[in-house]
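Notes follow once the structure below has been shown.
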Amino acid sequence: MLQYIAKRLLLMIPTLFGVLLLTFTVIQFVPGGPVDQMVQFLKGPAGGEEVAASTANVYRGNRGVDAEKLAEIKALYGFDKPAHERFIDMLGRFARFDLGTSYFQHQDVWTLIKSKLPVSISLGLWTFFLTYLVSIPLGVAKAVRHGSAFDLATSTLVLVGYAIPGFVLGVALLVLFGGGSFLQLFPLRGLTSDNWEQLSLLGKLTDYLWHITLPILASVVGGFAVTTMLTKNTFLEEIRKQYVLTARAKGCSERRVLYKHIFRNAMIPLVTGFPAAFIGAFFTGSLLIETLFSLDGLGLLSYESVIKRDYPVVMGTLYLFTLIGLVTKLITDLCYVLVDPRMQFGSSSS
C-alpha cells in the first residue's frame, strides 16, 4: 500500500507539470493579452472619430505608445522576460503555493479564491447531499420494484430531469417563481438579502434558504439520473448473485437480505466515488447557474479570468484544481481497498 501511494504521488509531478506546460504554451499564442489591453487603453478611442464637438472636450486622436512606455508595461506584467524564464519562475512560486497576484483585480489569487468559496461551498454541499440523499434510496426502491409502474414512472422523471439543461431549468424557475410572468415567491439574485446582518439567527437561516432554493433546484435535478440508475443497476446485479439465494434459503427476511448482505456489496461503487463527488462539488461551479442567479462563485471567477486574460488567476486556479483533482483520484482509489479488502494494488490477482 505504501509503495503504491509513493508511486502515485511521484506520478503526480509529471502530470501536474504537463498540464501547466500545455496551458502556459497555449497562453503564449492567445491574442489580446494584458499588455495588448493596456496598450489599447492608453491609445484611447480608435480611428479618427470625433467624441465631442465642444471646445471643452476636444478629441486628441489615436495616441501612440512609445517603446519606453511599452517596455515599462511589459515589465509591469512580467513579460519583459523570455517565456521559459517566466514558466520556471511560475513553477518556483507554485512549489511554495504562491499563486501570484491578479493583473486586473490587484488581489492575491488565494484571496480571490477564498472570497468566492462561500458561494461554491453553498452550491456544492447542497448539490452533493441532496443528490445522494434522494438518489440512493430511490435507486434501491427501483431495484426492489424492478419492472413495476413505480420503476417506469421514476425512470421517466429522472431521465427527463437529466435531459433538461440546468440553465434552461433555471430560466423556467425564474419565470415561474422568481417574479417573471407568474409568481414572485423567490428572490432573483444573490445568496442573502441586503439586510442580512440585521436579521436574527433564525431569520438569517430562513433568508439563506429562501435565496438558495432556485439555484439548488436548477443544479441538482440533472444529477439525480446518473446516481439513481447506478444504484439501481448495482443492486440488481447483486440481487441475482448466489449468496443472495443462499441467504434467502437460510430463512433470512427480505429486509435483512437487502440491508445486511446486498447493501454492503452494492454500495462499493458509490462509496468509492464519494471523495471525487464531494471535492468536485466545491470546485465545479456552474458558470451559467452562477450568472443566471447572480452568484459570484468560482465558476464565474474562472470565466472572467479567461476573458480578461488574467493569467495569474487562470494558472493559479488551474494549478490548485489540478492538484486537488489528482489527490482526490488517489483517495478514491484507496477507498476501494478500505471498502473491499479483496482489492490488492500492484498484485497480479487485482
Side-chain angles (χ1 to χ4, degrees), residues 12-52 57-117 119-120 283 285 287 290-291 296-326:
M12 289 181 186
I13 298 176
T15 304
L16 192 59
F17 177 82
V19 171
L20 293 176
L21 177 61
L22 180 61
T23 307
F24 184 84
T25 303
V26 171
I27 283 177
Q28 306 311 306
F29 300 98
V30 176
V35 175
D36 296 334
Q37 293 184 40
M38 180 59 71
V39 170
Q40 187 64 32
F41 173 77
L42 293 176
K43 284 182 177 180
E49 298 179 0
E50 186 178 351
V51 296
N57 188 12
V58 179
Y59 174 62
R60 297 183 179 180
N62 190 356
R63 293 169 293 171
V65 178
D66 56 28
E68 182 179 352
K69 189 65 176 179
L70 182 60
E72 183 179 341
I73 295 173
K74 289 184 177 180
L76 176 65
Y77 293 114
F79 285 87
D80 56 330
K81 300 177 181 178
H84 67 278
E85 290 187 14
R86 287 186 280 115
F87 181 70
I88 294 174
D89 291 343
M90 183 189 70
L91 292 180
R93 287 188 291 100
F94 284 178
R96 303 189 302 270
F97 286 94
D98 178 10
L99 302 184
T101 304
S102 169
Y103 287 154
F104 300 101
Q105 302 192 48
H106 306 294
Q107 295 185 48
D108 184 75
V109 177
W110 279 111
T111 304
L112 283 174
I113 292 176
K114 287 187 290 186
S115 67
K116 312 299 181 184
L117 273 180
V119 172
S120 298
F283 299 105
L287 167 64
E290 291 180 8
T291 303
D296 191 11
L298 290 174
L300 192 58
L301 172 66
S302 301
Y303 172 75
E304 289 180 344
S305 62
V306 172
I307 295 300
K308 294 179 179 178
R309 308 295 193 267
D310 199 346
Y311 296 146
V313 179
V314 173
M315 298 301 299
T317 54
L318 176 69
Y319 167 74
L320 179 62
F321 297 163
T322 304
L323 183 61
I324 292 175
L326 292 173

field: Spacing of CG belonging to L301 relative to OG1 belonging to T317, to within rounding of 0.5 Å
entry: 6.5 Å

- line: The side-chain contact (heavy atoms from CB on, under 4.5 Å) partner of F94 among L320, L20, D89, L323 is L20

Short side-chain to backbone donor-acceptor contact, S120 and L298, under 3.5 Å: yes

query: About how many Å separate CD of E85 and CG of D80, when rounded to the nearest 0.5 Å?
result: 9.0 Å

- request: Please check if any side-chain donor atom of D108 sits under 3.5 Å from a side-chain acceptor atom of T101, or the reverse.
  value: no

message: I need the D310 CG to S302 OG distance, nearest 0.5 Å.
response: 11.0 Å

query: Between R86 and F79, is there a donor-acceptor pair closer than 3.5 Å when you use the side chain of the first and the backbone of the second?
result: no

message: Rounded at 0.5 Å granularity, tell me how far OG in S102 sits from CD in E304.
response: 10.5 Å

- prompt: Mind checking whether Y319 and F17 have ring centres under 6.0 Å apart?
  reply: no

Short side-chain to backbone donor-acceptor contact, W110 and G100, under 3.5 Å: no

field: Under 3.5 Å: donor-acceptor pair, side chain of R309, backbone of P31
entry: yes

field: N/O donor-acceptor pair under 3.5 Å between Q107 side chain and L112 backbone
entry: no

field: Distance, nearest 0.5 Å, that separates CG of L16 from CG of L21
entry: 11.5 Å

message: Quick one, V306 and V313 - any side-chain contact, counting heavy atoms below 4.5 Å?
response: no

query: Would you find more than 12 non-hydrogen atoms of other residues, nucleotides or ligands less than 6.0 Å from Y303 atom OH?
result: no

- prompt: Looking only at atom types and distance, does a side-chain atom of Y103 sit under 3.5 Å from a main-chain N or O of Y311, one as donor and one as acceptor?
  reply: no

message: Would you say that T111 contacts K116 through its side chain, given a criterion of any heavy-atom pair below 4.5 Å between the two side chains?
response: no

